Protein chains: 2
Amino acid sequence: MTTAQRPTLEAVARRAGVSRATVSRVVNGSTTVAEPIRAAVNQAVAELGYVPNLAARSLVTQRTDSIALIMPEAATRVFSDDQVFPGIIRGVSQELEAADKQLVLMLAGSPAGRDRVERYTTGRHVDGVLFASLHGADPLPARLARLGIPVVCSGRGLGDSPVPYVDVDHVGGVTRAVRYLIDSGRRRIATIAGPQDMVAGLARLTGYRDTVAAAGLPELVAYGDFTRESGAAAMRQLLDADPDLDAVFAASDLMAHAALRTLREAGRRVPEDVAVIGFDDIETAAYTEPPLTTVRQPILELGRAGTRQLLRIAAGETVEPALILPTELVLRASA
Amino acid sequence: MTTAQRPTLEAVARRAGVSRATVSRVVNGSTTVAEPIRAAVNQAVAELGYVPNLAARSLVTQRTDSIALIMPEAATRVFSDDQVFPGIIRGVSQELEAADKQLVLMLAGSPAGRDRVERYTTGRHVDGVLFASLHGADPLPARLARLGIPVVCSGRGLGDSPVPYVDVDHVGGVTRAVRYLIDSGRRRIATIAGPQDMVAGLARLTGYRDTVAAAGLPELVAYGDFTRESGAAAMRQLLDADPDLDAVFAASDLMAHAALRTLREAGRRVPEDVAVIGFDDIETAAYTEPPLTTVRQPILELGRAGTRQLLRIAAGETVEPALILPTELVLRASA
DNA sequence: TTGTATGCGTTATCAG
DNA sequence: CTGATAACGCATACAA
């Protein structure tokens, strides 16, 4: 284990026969350095394999060149089977890579984890914080914002906080889906709603309610938490409550997938007897039996957009308080 | 944007009426501090909301209290639909949380991303590096190890590098699966192999080959890359090559899922005509038509174990060069 | 047990 | 355009 001493600015300076300050200038791309000197320095850097010490740099610059992505750990469990979790991360990562910043990922599950996130972020160990899939009305984003720390929520949080957010057009997507069912002649349209402590759950339910109400149709609601198990249970409830229902909109593809099976087990044909539409457009949606009609949300873009906003704030710009990404109805065989 | 000046050790010291050194001792839990003084310091820390500056600390300690998790970006795409990606991350995250270290996630997709990873890790900006799902014979892990940087590979890399790794028992799992097919009376057992530039792809194919050979049965191989599309294509090839095959082992559940559909489209009943077994045990496996028999790998544990090994190395301990986690055959309806 | 002094590797402010 | 030199905030050897 040869802990090879890492070359410092000083070493490079000696080798190139210049001062530390000059090396620093070259390394940071200052334009006020004579060409031959710059070349000499660059050569020394290459020869020694010099890499700046980030700790030292950030001590003086007050920047860390890293941002934190906070996700409730539940998200990684609930969404383990869809693209939300990996999608957000990939989006964030892509945008960060372009900005040459690091991604510090924090999964806040336990209360201890929450504390840890709070300590870390309030401690200004990162240049900005991106929250994803917030549950309930978390006060942390607003607190960070008050401390002057750049914050963005990817997926709006509950409650009215002054924190900028990006989200997808839940209501618009659901409205299109339910209206499509209505236009296809469905009249007893049920919904499997998502968790009501998340905007994604609430907004999708609202979209359903408003649309069936506007058409003068009755509403029929059961609740799940986006998972398959909960979707199956909700579908059974719905069937019990109204054996004659002829369509169901599920607030997640996972729940829709489970509904498909539950309907089959109950002897219903999809889409002949009951039409089914989901939300997300996970990859599996194209492989269900029958393939699932669903509302696609641009999940990767959600991560990217949130990150872009965050970087802009960190750069001192001001950004629009809300950014809504479009959703799209993807027609397959289930409706 | 009130950039409230953050309190430093100095400020706490003044407030508590002691020296900086003493505050530092208390903050770092040194036992050689008199109780009343400790109390006074802790109170001052609380009142001022003091949080240590990590950059300053790591400048002097030479530690960063963070580790990097490197994943080829392809993994997040290919595995977007299964648990591998989120599972590893969750496992790593859990173990890191217990150790109070941060997770720096790097998705190395493009060549530029690779360079970035290399610069960052060789620059000793993290206390250790965990590689996941290596493709090909990446020289980076070995190079880091030579530089004295703690490294572990989660999922063994190709080639014989001296880098410690943790992996699952691919061969054992596949052997059990194929033997189960043989014991069920299947005689024309095909396989959809994974990418041959990854150990996961290679080892699973080896397990298949050895087992059918030992039983004196013919081998029938088509190749995929773990994705559904590739699985569908491979299944068609297989059917063309041997319309009478009566079983297929797919090296991933995604490919098995696609095979299920392809078989149905080809008029085969599963499991009556053709038995199907997958590998991974993703959540979707329980929801396919019919539910998929598969080899379960402990993916979360893979992340955890890798992280534990890494932390031990970083702590100066030596660890076993290889750690193999058991796999398990999960019987459902498809075989 | 506590305080003093030093240095970690950079960037930034000033002279020259 | 370049070179001293002073912070940045902390941990630690050493002295008291």
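Sequence lines set the chain letters: A, B, ... in the order given, protein chains first and strands last, and positions in each chain run from 1. What you see is a predicted model, and the numbers here were worked out from it, not measured in a lab.
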>> Judged by each residue's nearest nucleotide on DNA chain C, which is more toward the 5′ side, B/Ala56 or B/Val33?
In response: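 Between the two, 5'-proximity favours B/Val33.
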Given atom [atom1] of [X] and atom [atom2] of [N], what is their separation to the nearest angstrom?
X: B/Leu54; N: D/dC10; atom1: CG; atom2: C1'; answer: 11 Å
X: A/Glu10; N: C/dT11; atom1: CD; atom2: P; answer: 14 Å
X: B/Arg124; N: C/dG9; atom1: CZ; atom2: C1'; answer: 15 Å
X: B/Leu59; N: C/dT11; atom1: CG; atom2: P; answer: 12 Å
X: A/Asn53; N: C/dG9; atom1: CG; atom2: P; answer: 7 Å
X: A/Arg63; N: C/dG9; atom1: CZ; atom2: P; answer: 20 Å

>> I need the minimum non-hydrogen distance between A/Leu96 and A/Ile67, along with the two atoms involved.
In response: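 Taking A/Leu96 first and A/Ile67 second, the nearest heavy atoms are CD2-CG1, 3.5 Å.
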>> Working note: B/Leu144 + B/Phe131, criterion side chain to side chain contact (heavy atoms under 4.5 Å, CB included); need CA distance, chi angles, decisive distance, verdict.
In response: CA-CA 11 Å; B/Leu144 292 179; B/Phe131 287 88; 3.8 Å; yes
>> Applying salt bridge (Lys or Arg N to Asp or Glu O under 4.0 Å) to B/Arg308 and B/Glu301, what does each step give before you reach the verdict?
In response: CA-CA 10 Å; B/Arg308 276 196 300 268; B/Glu301 192 48 44; 2.7 Å; yes
> Just by protein heavy atoms under 4.0 Å, how would nucleotides 11-16 of chain D read 5' to 3' in B, S and -?
Replying inline: BBB---
> What pairs of residues pass the salt bridge (Lys or Arg N to Asp or Glu O under 4.0 Å) test when at least one of them lies in residues 41-60 of chain A, not counting sequence neighbours?
Replying inline: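 Pairs touching residues 41-60 of chain A that pass the test: A/Arg15-A/Glu47.
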> Among C/dG3, C/dG9, C/dT2, which is the nearest nucleotide to the side chain of B/Gln62?
Replying inline: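 Of the options given, the side chain of B/Gln62 lies nearest C/dG9.
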> When you check the phosphate oxygens OP1 and OP2 of D/dG3, does a side-chain N or O of A/Ser19 lie under 4.0 Å from one of them?
Replying inline: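 Yes.
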> Do the charged groups of B/Asp167 and B/Arg156 touch, with an N to O distance under 4.0 Å?
Replying inline: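 Salt bridge: no.
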> So among B/Leu103, B/Ile88, B/Leu130, which one has a side chain to side chain contact (heavy atoms under 4.5 Å, CB included) with B/Thr307?
Replying inline: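 Considering B/Leu103, B/Ile88, B/Leu130, a side chain to side chain contact (heavy atoms under 4.5 Å, CB included) with B/Thr307 is found only for B/Leu130.
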